[in-house]
Structures are given as structure tokens and as C-alpha cells.
Amino acid sequence: MSVFEAADFDNHENVVFGHDEQTGLKCIIGIHNTNRGPALGGSRFWNYNNEQEAITDVLRLSKGMTYKAAITGLDLGGGKSVILGDPKKIKTPDLMRAFGRVIERLNGAYITAEDVGTTVQDMDYIRESTEHVRGKSTGTGNPSPVTAYGTFLGLKAAVKHKLKTDDLTGLRVMVQGVGNVGYYLCKDLHEAGAHLFVSDINQDSLKRTVEEFGATVVGLDEVYAQEVDIYAPCALGATINDKTLDQLKVQIVSGAANNQLAEARHGQALKDLGILYAPDYVINAGGLVNVASETDDYDPAVVKAKVEGIYDTLLEIFTRAEKENKPTSIIADVMAEERFMHPIHAAAE
């Protein structure tokens with residue numbers, strides 16, 4: 001199947017395949033839309049089963065970044081990149097430098113940052129080949145705590161709208177994935193008095209949440225059937241699907257993972273079940289806000305204030321969705337599209 005025939009191709013501006021023979025680099029960069037500015041999105045290093053799976057991921061993720069930047073009010077477009085392979089086996093400084101050269105050939109149309117499978121150190125290696133990178137060690141560093149803070153605020157907005165309370169004390173939250181973002185979300189939830197249920201393939205990560213936050217470990221196959229108040233997906237995407245919907249016993253889905261809905265129709269399905277959904281690209285935009293603000297005059301206080309806007313944006317989405325009797329996912333898309341469908345400087349031209 002060609003890229004143009006892929007189900008997730010949505011008028012993407014560019015899909016670039018990069019390769020470096022010496023290091024074994026195989027990468028794909030997706031640029032969805034640059035009407036608001038250059039495309040900013042992280043580099044995911046993942047051992048995909050096949051190339052088509054990687055193409056699907058980069059198409060979905062890059063589109064999501066367009067919507068995320070627009071709904072957050074940033075003058076940026078949406079892009080994402082994936083590097084194919086097991087990072088534990090093939091990732092080297094030279095490979096990351098080679099990846100930087102692929103980015104450099106795009107002349108600033110795409111700016112990368114950290115994502116699953118890549119680190120702040122990797123961003124430093126990439127910067128040796130291109131200046132179009134954020135989240136380096138001399139900049140804002142790891143965006144995970146900021147992403148988690150925005151997710152925490154978004155979860156509070158969902159609780160406010162659905163449960164009519166500002167108090168998280170005693171609320172049961174199933175956090176799926178307790179890596180970088182999931183861990184910090186657990187920390188915020190624990191400090192707010194929530195009771196945590198956690199699941200992850202990494203036993204060390206699970207052990208840390210148990211020891212630090214008194215979390216209850218749940219098996220990977222038992223996540224969706226938990227009788228809790230909130231399901232917080234913080235791992236990979238598409239966990240809201242036909243199979244899992246039949247198992248959910250929650251009132252709210254509110255987590256940091258990208259592309260949580262396997263298909264767009266699952267937003268309606270959640271609504272039909274009476275489950276409030278916090279659209280993923282809205283609630284997890286904190287990391288993007290952070291890296292987008294990585295300039296010489298970077299101010300953590302300014303970034304925090306912008307991230308706190310996620311709470312108000314979600315309340316607006318929830319209220320509008322209720323008023324129009326539509327899924328929150330549809331309302332979020334409409335609001336984002338109102339902002340990016342036309343070039344941001346079109347009026348000035």
C-alpha cells in the first residue's frame with residue numbers, strides 16, 4: 001500500500017523516508033500541516049513489526065501534532081518522525097547524527113524533540129547535524145514533567161465537569177503506563193489524594209510507583225475491567241477500541257497517550273456509554289508548550305501559565321460538547337480546525 005492510499009493519510013504536506021547506509025538508520029518524517037508555522041513534533045524510536053505500521057504511526061502522530069499546536073494556540077504546525085528498530089540494539093550517537101542530517105535537508109520545515117525511545121542526550125547528538133531540534137540538555141530538557149502537569153490539570157477539569165468536584169481525594173485512577181509521563185502523573189495524583197492502580201511492562205517502573213505512591217499493580221490484561229473512576233492511558237495509542245469499550249467501567253477517560261481512539265467513531269462510542277473523554281492532543285499538550293518555548297528568554301513561569309490553560313480549554317470543550325450533544329473528540333477537532341485550516345499570515349498577505 002502506498003502512503004497516499006493509507007487510511008490515515010490526511011492531506012499531509014510531506015512524508016519523507018530517510019536512510020543512512022553506514023549507521024543503518026531508517027526513518028520516516030511526516031509533516032501534516034504548516035499553515036501556522038514550522039512543524040514541531042518528537043522523534044519516536046520504536047521496533048515496528050513492519051514498515052506499514054511505522055507509516056501509520058507517523059501519519060497519525062503528525063496529524064495529531066497539527067491539532068495539538070492549533071488547539072493550544074501555538075504558531076506551529078504538526079509533524080512527527082519515527083526511527084525504525086530496537087533502540088536498545090541499534091541506537092548510537094552516529095545514528096542520531098545521521099538522523100539530524102535528514103532533518104537538516106528539510107530546511108526548517110520540521111523541528112524535532114524527544115519522544116518514546118529517544119532522550120535528551122539523543123537531542124544533543126542530533127543538534128550536531130541540525131539546529132532544528134528542541135529539548136536538548138542546554139535547553140528545557142525532559143518535557144515529561146510538564147506534559148504530566150498538563151495532563152493532571154486536564155484530568156481535574158474532567159472531574160470538575162463530570163463529577164462536579166475539585167477534590168480528587170479517594171478517586172480511583174487506573175494509570176496505564178508509568179514511564180516518564182505516567183510516573184509524574186502518578187506523583188501529582190498521589191499528592192492530590194487519589195488512589196492509584198498501575199500497569200506497565202517495565203517491572204522497575206511498577207516497583208517505583210508502589211514504593212513511592214502506594215499504587216496497586218494491575219496485570220496488563222486486566223486494565224480495562226477495573227472498577228475505577230478514571231482510566232488514564234499513558235502508554236501507546238489506540239487503547240480505546242471495540243474490544244476494550246465493552247470492558248470499561250469508568251466515568252472518565254483522561255490520560256497522556258497519543259491517539260487514544262483506535263478510530264474516530266470511538267469518540268461517539270464513549271459518549272454513548274456516558275464516559276467523558278478528554279481529547280488526547282488537548283490534555284497532553286504541555287510538553288509541546290514547553291519545547292515550543294525553548295528560546296533564549298525561556299521562562300518556566302510563563303510556560304506553566306500557558307500549560308494551565310489546558311484546564312480552561314478542556315472545560316470549554318466539555319461544555320460545548322454537552323450543549324451541542326456531540327462527542328468531545330469532534331468538538332476538539334472543530335475548534336482546532338478553525339485555527340489551522342488557513343495560513344496564519346494569510347490576512348497579512
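Hydrogens, waters and symmetry mates play no part in the numbers below; they use all other heavy atoms, side chains included. Values in this document were obtained by computation on a predicted structure and should not be read as measured data.
More than 12 heavy atoms of other shown residues, nucleotides or ligands fall within 6.0 angstrom of atom CD in Gln247. Summarising the local packing, NZ of Lys207 is surrounded by 12 or fewer heavy atoms from other residues, nucleotides or ligands at distances under 6.0 Å. Heavy atoms from other residues, nucleotides or ligands lying under 6.0 Å from NZ of Lys323 number 12 at most. Within a 6.0 Å sphere centred on CD1 of Ile201, heavy atoms belonging to other residues, nucleotides or ligands number 12 at most. Within a 6.0 Å sphere centred on CG of Asp221, heavy atoms belonging to other residues, nucleotides or ligands number 12 at most. Counting non-hydrogen atoms of neighbouring residues, nucleotides and ligands closer than 6.0 angstrom, the NZ atom of Lys26 reaches no more than 12 such neighbours.
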Q.
I'd like to know whether Asp94 forms a salt bridge (charged side-chain N to carboxylate O under 4.0 Å, His left out) with Arg97, so could you lay out the CA-CA distance, the side-chain angles of the two residues, the decisive distance to 0.1 Å, and finally the verdict.
A. CA-CA 5 Å; Asp94 283 342; Arg97 294 183 186 106; 2.7 Å; yes
Q: Go through Val159 and Leu171 one step at a time and tell me if the side chain to side chain contact (heavy atoms under 4.5 Å, CB included) criterion holds.
A: CA-CA 10 Å; Val159 169; Leu171 285 183; 3.9 Å; yes
Q: Take Lys80 and Asp115 through the salt bridge (charged side-chain N to carboxylate O under 4.0 Å, His left out) test and state the conclusion after the steps.
A: CA-CA 9 Å; Lys80 206 78 171 184; Asp115 199 273; 2.8 Å; yes
Q: Show your reasoning for whether side chain to side chain contact (heavy atoms under 4.5 Å, CB included) applies to Asn241 and Glu263.
A: CA-CA 7 Å; Asn241 52 59; Glu263 298 179 40; over 6 Å; no
Q. Can you check salt bridge (charged side-chain N to carboxylate O under 4.0 Å, His left out) on Asp8 and Lys63, steps first, answer last?
A. CA-CA 9 Å; Asp8 293 292; Lys63 177 181 176 180; over 6 Å; no
Q. Does the pair Glu13 and Thr34 meet the rule for a side-chain hydrogen bond (donor to acceptor under 3.5 Å, both in side chains), with working shown?
A. CA-CA 8 Å; Glu13 294 178 6; Thr34 57; 2.8 Å; yes
Q: List the steps, then state whether salt bridge (charged side-chain N to carboxylate O under 4.0 Å, His left out) holds for Arg127 with Glu131.
A: CA-CA 5 Å; Arg127 187 170 174 75; Glu131 64 178 13; 5.9 Å; no
Q. Does the ring-ring contact (aromatic ring centres under 6.0 Å, His included) test come out yes or no for Phe17 and His19, once each step is laid out?
A. CA-CA 7 Å; Phe17 291 76; His19 174 248; over 10 Å; no
Q) Could you go step by step and tell me if Ile275 and Val250 meet the side chain to side chain contact (heavy atoms under 4.5 Å, CB included) rule? A) CA-CA 7 Å; Ile275 299 174; Val250 301; 4.2 Å; yes
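A side-chain N or O of Ser81 and one of Ser43 form a donor-acceptor pair less than 3.5 Å apart. The closest side-chain donor-acceptor pair between Thr23 and Asp20 falls under 3.5 angstrom. With hydrogens and angles left out, the side-chain atoms of His132 and Thr112 include no donor and acceptor closer than 3.5 Å. In the model, Tyr48 has no side-chain atom that pairs as donor or acceptor with a side-chain atom of Asp86 under 3.5 Å. Of the N and O atoms on the side chains of Asp167 and Thr169, at least one donor lies less than 3.5 Å from an acceptor on the other residue. For the residue pair Asp272 / Gln268, a side-chain donor-acceptor distance below 3.5 Å is found, with atom types taken as modelled. Side chain to side chain, Gln226 and Tyr231 fail the donor-acceptor criterion of an N or O pair below 3.5 Å. Asn325 and Lys271 are linked by a side-chain donor-acceptor pair at a separation below 3.5 angstrom, with hydrogens and angles left out of the test.
Under the 4.5 Å side-chain heavy-atom criterion for grouping Ile, Leu, Val, Met, Phe, Trp and Tyr, Tyr125 is connected to Val102 within one hydrophobic cluster. Both Ile283 and Ile331 are members of a single hydrophobic cluster when ILVMFWY side chains are connected at heavy-atom separations under 4.5 Å. Two different hydrophobic clusters hold Leu261 and Leu59 under the rule that ILVMFWY side chains link at heavy-atom gaps under 4.5 Å.
Nearest heavy-atom pair across Ala292 and Leu76 is CB-CD1, 3.5 Å.
Between Asn284 and the choices Thr147, Ile310, Val181, the side-chain contact (heavy atoms from CB on, under 4.5 Å) rule is met once, by Thr147.
At a threshold of 4.5 Å between non-hydrogen side-chain atoms, the residues Gln260 and Val253 count as touching. Residues His190 and Lys187 are not in side-chain contact: their nearest non-hydrogen atoms beyond the backbone lie 4.5 Å or more apart. Considering only heavy atoms from C-beta on, Leu163 comes within 4.5 Å of Gln251 through its side chain. A 4.5 Å side-chain heavy-atom check between Ile252 and Asp229 finds every atom pair outside the cut-off. Within the 4.5 Å cutoff, no side-chain heavy atoms of Val217 are placed close to those of Ser199. Residues Tyr277 and Ser329 are in side-chain contact: their nearest non-hydrogen atoms beyond the backbone lie under 4.5 Å apart. Residues Leu185 and Cys234 have side chains in contact (heavy-atom distance under 4.5 Å, counting atoms from C-beta outward). A 4.5 Å side-chain heavy-atom check between Glu337 and Tyr67 finds at least one atom pair inside the cut-off.
No donor-acceptor distance shorter than 3.5 angstrom exists from the side chain of Arg101 to the backbone of Ser129, with no hydrogens or angles considered. For the pair Thr66 (side chain) and Gly78 (backbone), a donor-acceptor distance under 3.5 Å is present.
Salt bridge present: Glu338 and Arg320 bring a charged side-chain N and a carboxylate O closer than 4.0 Å. Taking 4.0 Å as the cut-off between side-chain N and carboxylate O, Asp242 and Arg265 count as a salt-bridged pair.
Sorted by first and then second residue, the salt bridge (Lys or Arg N to Asp or Glu O under 4.0 Å) pairs involving residues 303-312 (not counting sequence neighbours) form an empty list. Judged as a ring-ring contact (aromatic ring centres under 6.0 Å, His included), the pairs with a partner in residues 304-323 (not counting sequence neighbours) are, in order, His161-Phe318.
Between His32 and Phe340, the ring-plane angle classifies as perpendicular under the 30° and 60° cut-offs.
Annotation: cation-pi pair Arg208/Tyr183 present, NZ/CZ under 6.0 Å from the ring centroid and within 45° of its normal.
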